[in-house]
Amino acid sequence: METLLWLCNWSTLLVCAALKLPQISAVLGARSSRGISLPSLLLELAGFLVFLRYQCYYEYPLLTYLEYPIIIAQDLILLLCVFHFNGDVRRAAPYIITCVSAWFILTLQQWILDLAMNLCTFISAASKFAQLQYLWKSRDSGAVSALTWSLASYTCAARIMTTLMTTNDLTLLIRFVIMLALNIWVTATILHYRKTDIKSE
């Protein structure tokens, strides 16, 4: 059991160290943020911030959430890339300031953090649905990386295991199960539109 926990924790950390790199690379390679939903990215970032703050506040084992600072940093880089290729990097500043402010506001009162965590699953789910909606509307996966979404699916599956073996927190378990299902759905949608693009060429 301890070996499985160790493997899940460290494999998740290693995967997350490179999680957004394929997406960042795809955006830089295409010199375009086509296919990436800005609302999805912002909601995902908000969900990750709340989740990280919750785990820190309740002093859960460090290895069960150590990947989140790495993912947040990568999301911020991706956010800057999206604004850069949309023509105005300065528009990212209010979003970054809001994220930093939220980090401190969340722990002003315990009930604020608990409420935010309960809403976190809906926020994160909304980010996936925003990306799905963008893909359905454009019918084009553009510079969206299927590998990034596949890796995100793996990390959710691994975190289901680590949560069951450590904290057994029902709120976290529900979140990871829902995120796993939605990450798989987004990956399948990206691959579907990628095949459609290849056929049309």
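Along the sequence shown, residues are numbered consecutively beginning with 1. Quick caveat, the model's predicted, so the values are computed rather than measured.
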(request) Show the numbers, then the answer: is there a side-chain hydrogen bond (donor to acceptor under 3.5 Å, both in side chains) between Y134 and D140? (result) CA-CA 9 Å; Y134 192 90; D140 177 13; over 6 Å; no
(request) Check whether any side-chain heavy atom of K20 lies under 4.5 Å from a side-chain heavy atom of D75, and answer yes or no. (result) yes
(request) Determine whether more than 12 heavy atoms belonging to other residues, nucleotides or ligands lie under 6.0 Å from atom CH2 of W111. (result) no
(message) Working note: L13 + W10, criterion side chain to side chain contact (heavy atoms under 4.5 Å, CB included); need CA distance, chi angles, decisive distance, verdict.
(response) CA-CA 5 Å; L13 189 57; W10 284 102; 3.4 Å; yes
(message) Any heavy-atom pair between the side chains of L45 and L41 that's under 4.5 Å?
(response) no
(message) Same cluster or not: L173 versus M165, using hydrophobic residues (I, L, V, M, F, W, Y) connected whenever any side-chain heavy atoms lie under 4.5 Å apart?
(response) no
(message) Side chains of S33 and N86 only: does a donor on one sit below 3.5 Å from an acceptor on the other?
(response) yes
(message) Test of understanding: clusters of I, L, V, M, F, W, Y form through side-chain heavy atoms closer than 4.5 Å, transitively. Do I70 and L19 belong to the same one?
(response) yes
(message) What verdict does the ring-ring contact (aromatic ring centres under 6.0 Å, His included) test give for Y54 and Y65, after you've listed the backbone C-alpha separation in whole Å, the side-chain angles of each residue and the deciding distance to 0.1 Å?
(response) CA-CA 10 Å; Y54 178 86; Y65 64 89; over 10 Å; no
(message) What I'd like to find out is whether the side chain of I96 reaches to under 4.5 Å of the side chain of L80, using heavy atoms alone.
(response) yes
(message) Within the structure provided, determine whether W185 and K128 are in side-chain contact (heavy-atom separation under 4.5 Å).
(response) no
(request) State the CD-CG distance between Q109 and L115, to the nearest 0.5 angstrom. (result) 12.5 Å
(request) Report the distance from atom OG1 of T148 to atom CD of Q74, rounding to the nearest 0.5 Å. (result) 8.5 Å
(request) State whether the number of non-hydrogen atoms from other residues, nucleotides or ligands found under 6.0 Å of Y57 atom OH is greater than 12. (result) yes
(message) Side chains of R53 and T107: any donor to acceptor distance under 3.5 Å?
(response) yes
(request) Please work out whether the ring planes of Y68 and F51 are parallel, tilted or perpendicular, with thresholds of 30° and 60°. (result) tilted
(request) Considering non-hydrogen atoms only, spot the tightest contact between I24 and I77 and give its length. (result) CD1-CG2, 3.8 Å
(message) With a 6.0 Å cut-off on the ring centroids, do W136 and F129 count as close?
(response) no
(message) On a heavy-atom basis, which atom in T171 and which in D169 lie closest, and how many Å separate them?
(response) N-OD1, 2.9 Å
(request) Determine, stepwise, if the pair F83 / D88 fulfils side chain to side chain contact (heavy atoms under 4.5 Å, CB included). (result) CA-CA 5 Å; F83 278 112; D88 192 3; 5.7 Å; no
(request) Is it possible for you to say whether Y95 and V27 belong to one hydrophobic cluster, with membership spreading through side-chain heavy-atom contacts below 4.5 Å? (result) yes
(message) Do C120 and F48 make a side-chain contact, defined as non-hydrogen atoms from C-beta onward lying under 4.5 Å apart?
(response) no
(message) Within the 4.5 Å heavy-atom criterion, are W149 and V144 side-chain neighbours or not?
(response) yes
(request) Supply the atom-to-atom distance T167 OG1 to E59 CD, rounded to the nearest 0.5 angstrom. (result) 14.0 Å
(message) Please tell me whether L7 and M161 are part of a single hydrophobic cluster in this structure, the criterion being side-chain heavy atoms less than 4.5 Å apart.
(response) no
(request) Taking the side chain as every heavy atom from C-beta outward, state whether L172 and T64 have any pair of such atoms under 4.5 Å apart. (result) no
(request) Could you grab the distance from atom CD1 of I112 to atom CD1 of I105, nearest 0.5 Å is fine? (result) 8.0 Å
(request) Dump the intermediate steps for side chain to side chain contact (heavy atoms under 4.5 Å, CB included) on L42 and L79, then the final yes or no. (result) CA-CA 8 Å; L42 293 170; L79 182 68; 3.7 Å; yes
(request) State, without any angle test, whether N118 and R175 hold a side-chain donor-acceptor pair at a distance under 3.5 Å. (result) no
(request) Identify the heavy atoms of Y193 and L135 that sit nearest to each other, and give their distance. (result) CE1-O, 3.5 Å
(request) Would you please test M179 and I184 for side chain to side chain contact (heavy atoms under 4.5 Å, CB included) and show each step? (result) CA-CA 8 Å; M179 293 307 103; I184 291 170; over 6 Å; no
(message) Tell me whether S11 contacts the main-chain N or O of C8 through its side chain, where contact means a donor paired with an acceptor under 3.5 Å.
(response) yes
(message) To check you understand the geometry: which heavy-atom pair defines the closest contact between L147 and P22, and what is its length?
(response) CD2-CG, 3.6 Å
(message) I'd like to know if W103 and I97 are part of one continuous hydrophobic network [Ile/Leu/Val/Met/Phe/Trp/Tyr, side-chain heavy atoms within less than 4.5 Å].
(response) no
(request) Would you name the heavy atoms of I36 and Q23 that are closest together and state the gap between them? (result) CD1-NE2, 3.3 Å
(message) Quick check against the 3.5 Å criterion: does S127 have a side-chain atom that pairs as donor or acceptor with the backbone of L43?
(response) no
(message) Given 3.5 Å as the limit, does a donor-acceptor pair link the side chain of T163 with the main chain of I160, or not?
(response) no
(request) Output the distance between atom CG (L180) and atom SG (C156), rounded to the nearest 0.5 Å. (result) 6.0 Å
(message) I want to check something: taking the side chain as every heavy atom from C-beta on, are Q131 and E44 in contact at a cut-off of under 4.5 Å?
(response) no
(message) I need the E2 CD to L4 CG distance, nearest 0.5 Å.
(response) 11.0 Å
(request) Can you see which heavy atom on V50 is nearest to which on L113, and at what distance? (result) O-CD1, 4.4 Å
